[in-house]
Amino acid sequence: GMKAAGKLMKVFVTRRIPQEGMKILSSAADCEVSLWDSDEPVPKAELLKSVQGAHGLLCLLTDKIDAEVLDAAGPNLKVISTLSVGFDHLALDEIKKRGIRLGYTPDVLTDATAELTVALLLATARRLPEGVEEVKNGGWSAWKPLWLCGYGLSGSTVGVIGLGRIGMAIAQRLMPFGVKRLLYSGRTAKPHAAEVNGEFVPIDTLVSESDFIVVSCSLTPETQGLCNKAMFSKMKNTAVFINSSRGAVVNQEDLYEALSSGQIAAAGLDVTTPEPLPTNHPLLKLKNCVVLPHIGSATYSTRGVMSVLAAQNLLGGLQGTDMPSELSL
Ligand code: NDP
Ligand code: DGY
């Protein structure tokens, strides 16, 4: 059962989450749920207070779960469930050391995130935000042969950095646009790449031969700052760079330099450092940079299903049974 030494199991949820997931938690017997009842992130001091004595923690990618938070929670804590597939906000070594189980939300957000990434790629390559702006500000004077031209996917070479669940779903969606070659790089060749005729290549080959470079790897010490000056300098001047993984994979100063100097053609970012990106950030002054506010998985149904999975992971961990999506540490 869900009793710990005859007492209620305490659960802390760090934000308002979709009702589908909240219902599951609220109806769990022997489970006392408290919530940071807001749409904004819980301040660290509040988190440290609220997590005290918790058996379960349902958190978001905006919450840094480090040794300080785990120590504040204390020895009751047996499960952390994050409402995300990314887990770079979690101190995995500290979690493992304490014997805490970890749940996350892979697969259920793959399609939504891949769709958004394709939308961002097309919006960036075909300059949609610029065009919309020109319609509104009177810059649209007439149809002009050389105005607002961009780059098309047909006949192009696409390079995917990190052909995992989302990278593969992006590749599958791009191929029907008439992509000629699909390159990918990562630590290991993927058997499933055959479905998109993917060629496993060294990352230098990928960046120098691709017309579109899409980043969909996880953020790790190895991928932090991976997209830097050295990488941008190997890209074509016509290259379109897209990142929907984590902001820290990109060195933003180097990206700014590459975009403003014409080293590459354009960039589309769904993720930045920091988030939110300050409204006076230099990248936001560039017409050839499209920045979205981390909305990859933001469809109503996907967020609902993510919340259900996160709730089920949490309850499984509390009960000491199977978690539908446990990250093995
Ligand atoms: P996966 O684990 O399936 O894919 C991650 C991929 O990253 C793997 O294929 C892995 O390849 C690759 N990778 C790891 N290290 C490197 C490296 N050094 N160089 C190149 N590739 C590397 O995860 P998902 O596809 O489900 O999610 C990927 C990421 O997308 C998440 O970690 C998250 O950060 C981000 N994300 C962003 C969203 C958004 O809203 N924008 C929504 C959802 C996820 P290999 O094994 O060969 O190393
Ligand atoms: C994740 O899940 O890691 C995304 O960034 C948000 O859905």
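Hydrogens, waters and symmetry mates play no part in the numbers below; they use all other heavy atoms, side chains included. All values derive from a computational prediction rather than experimental measurement.
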Could you tell me whether the side chain of [X] and the main chain of [Y] form a donor-acceptor pair under 3.5 Å?
| X | Y | result |
| --- | --- | --- |
| T223 | S218 | yes |
| E275 | T272 | yes |
| N251 | G225 | no |
| T299 | T302 | yes |
| H55 | K10 | yes |
| Q52 | G74 | no |
| Q252 | T273 | yes |
| D63 | V42 | no |
| N288 | A265 | yes |
| K96 | L329 | yes |

State, to 0.1 Å, how close [X] and [Y] come at their nearest heavy-atom pair, and which atoms those are.
| X | Y | value |
| --- | --- | --- |
| C31 | V11 | SG-CG2, 3.5 Å |
| T105 | L83 | OG1-C, 4.0 Å |
| D66 | K44 | OD2-NZ, 3.0 Å |
| C227 | V215 | SG-CG2, 4.0 Å |
| S38 | E40 | OG-N, 2.8 Å |
| A123 | P129 | O-CD, 3.5 Å |

Atom CD in E115, atom CG in L109: separation rounded to 0.5 Å?
12.0 Å
Test: [X] and [Y] ion pair at under 4.0 Å:
| X | Y | result |
| --- | --- | --- |
| E94 | K97 | yes |
| E133 | K287 | no |
| R101 | E326 | yes |
| R15 | D39 | no |
| K180 | D211 | no |

Shared hydrophobic cluster, [X] / [Y] (ILVMFWY, side-chain heavy atoms < 4.5 Å):
| X | Y | result |
| --- | --- | --- |
| V240 | I203 | no |
| W36 | I65 | yes |
| L122 | V158 | yes |
| I170 | V290 | yes |
| L121 | Y184 | yes |

Please assess S216 against T117 for the test side chain to side chain contact (heavy atoms under 4.5 Å, CB included), listing each intermediate value before the final yes or no.
CA-CA 9 Å; S216 56; T117 307; over 6 Å; no
Donor-acceptor pair between E195 and Q172 side chains, under 3.5 angstrom
yes
Decide whether T82 and S84 meet the rule of one side-chain donor and one side-chain acceptor closer than 3.5 Å.
yes
Stepwise side chain to side chain contact (heavy atoms under 4.5 Å, CB included) check, S245 with I161
CA-CA 10 Å; S245 65; I161 299 178; over 6 Å; no
If you apply the rule side chain to side chain contact (heavy atoms under 4.5 Å, CB included), what do you find for H294 with R246, and how did you get there?
CA-CA 9 Å; H294 201 152; R246 284 291 181 267; 3.6 Å; yes
Can you label the angle between the F87 ring and the Y104 ring as parallel, tilted or perpendicular, going by 30° and 60°?
perpendicular
